[in-house]
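Since the structure comes first, as structure tokens, the remarks are kept for the end.
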Amino acid sequence: MKLATWNVNSVRAREERLLAFLDRHRPDVLCLQELKVVDGDFPLVRLREKGYFAAIHGQKTYNGVAILARSEPEDVVCGLRDGVEDPQARLVSARVDGVRVISVYVPNGSEVGSDKYAYKLAWLKRLRAYLEQHHRPDERIVVCGDINVAPDDIDVARPDEWKDTVLCHADARAGMRELCAWGLFDAFRKCRPEAGLYSWWDYRMLGFPKGNGLRIDHILVTKPLLEQCSGAEIDRNERKGKQPSDHAPVLIDLATS
DNA sequence: ATGGTTGCTTAGCAA
């Protein structure tokens with residue numbers, strides 16, 4: 001199974017790029033974040049023509065997540081459903097070819113100390129609680145998406161510049177570690193231990209031309225899947241050319257039957 | 001250097 005995750009930063013603005021990406025890589029599963037559309041405006045028909053089904057959890061203007069798959073997603077669940085009043089569409093889960101796939105868009109957090117940062121840290125805790133309630137670490141599970149955390153300094157081109165921002169702050173990193181402590185492993189990093197691999201570059205300050213990148217998009221897998229990871233890449237070409245998202249897609253190969 | 005850019009929605013927010 002070839003699985004990918006990509007924060008497209010508006011599925012309407014990125015529709016042509018999305019279709020071209022699917023042609024180029026033909027992933028079995030593609031998790032999307034920041035759709036910025038309601039379900040009815042998602043380009044279902046054109047994706048179906050490409051051979052992809054979709055599980056969508058959309059929202060007007062902000063957020064929105066989806067799972068595209070070449071076989072029909074089963075047992076689709078939207079949102080954390082933990083009783084917290086929360087209108088933000090940041091999680092969709094579905095079973096695809098016997099693998100539980102969970103596409104997440106973790107809150108960015110804006111500024112350390114802000115209400116948005118508190119929401120980010122709380123959301124990471126809620127995600128861990130969601131896994132505890134609904135799943136077991138011995139299942140075949142992929143949690144992937146824009147986690148909005150660079151887990152270590154090796155994941156940051158210029159650590160001094162990003163130190164103590166919401167993407168690198170100790171509390172955000174601890175939140176991601178606590179999430180993973182449930183039983184998730186960084187599948188991309190297992191395959192690609194080298195430095196210099198990033199998935200996001202700020203539009204501002206010419207982040208991409210200056211090589212000022214961070215690895216904040218992740219593919220986390222449970223132990224049964226970790227051993228099946230045979231390769232991983234980030235498609236930096238998606239960050240180039242006309243109208244790129246600020247994120248590049250992250251891909252892994254899983255040796256599932 | 002409180003800058004810079006993009007998307008959604010139309011002046012301001014979020015990233």
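Chain A is the first sequence line, chain B the second, and so forth, proteins listed ahead of strands; every chain is numbered from 1.
A side-chain donor-acceptor contact under 3.5 Å links A/E161 and A/N212.
Here A/R14 does not reach the OP1 or OP2 of B/dT6: none of its side-chain N or O atoms lies under 4.0 Å away. Here A/K60 does not reach the OP1 or OP2 of B/dC8: none of its side-chain N or O atoms lies under 4.0 Å away.
If you find the closest nucleotide of DNA chain B to A/Y105 and to A/L206, the one lying nearer the 5' end belongs to A/L206. Toward the 5' end of DNA chain B, the nearer of the two residues A/P244 and A/G109, judged by each one's closest nucleotide, is A/P244.
Using a 4.0 Å cut-off between charged side-chain N and carboxylate O, A/R215 and A/D186 make a salt bridge.
The distance between the ring centers of A/W162 and A/W200 falls below 6.0 angstrom.
Among A/L91, A/D146, A/I147, the one residue that satisfies the side chain to side chain contact (heavy atoms under 4.5 Å, CB included) test with A/V106 is A/I147.
Across the protein-nucleic acid pair, A/D202 atom CG and B/dG3 atom P stand 15 Å apart, rounded to whole Å. A/D41 places its CG atom 14 Å from the C1' atom of B/dT9, with the value rounded to the nearest Å. For A/N9 and B/dC13, the CG to P distance is 18 Å, given to the nearest whole Å. As a whole-Å value, the separation of A/R204 CZ from B/dA1 C1' is 15 Å. We find that OH of A/Y119 is positioned 19 Å from P of B/dC13, with the value rounded to whole Å.
Taking atom P in both B/dC8 and B/dG4, one finds a spacing of 22 Å when rounded to whole Å.
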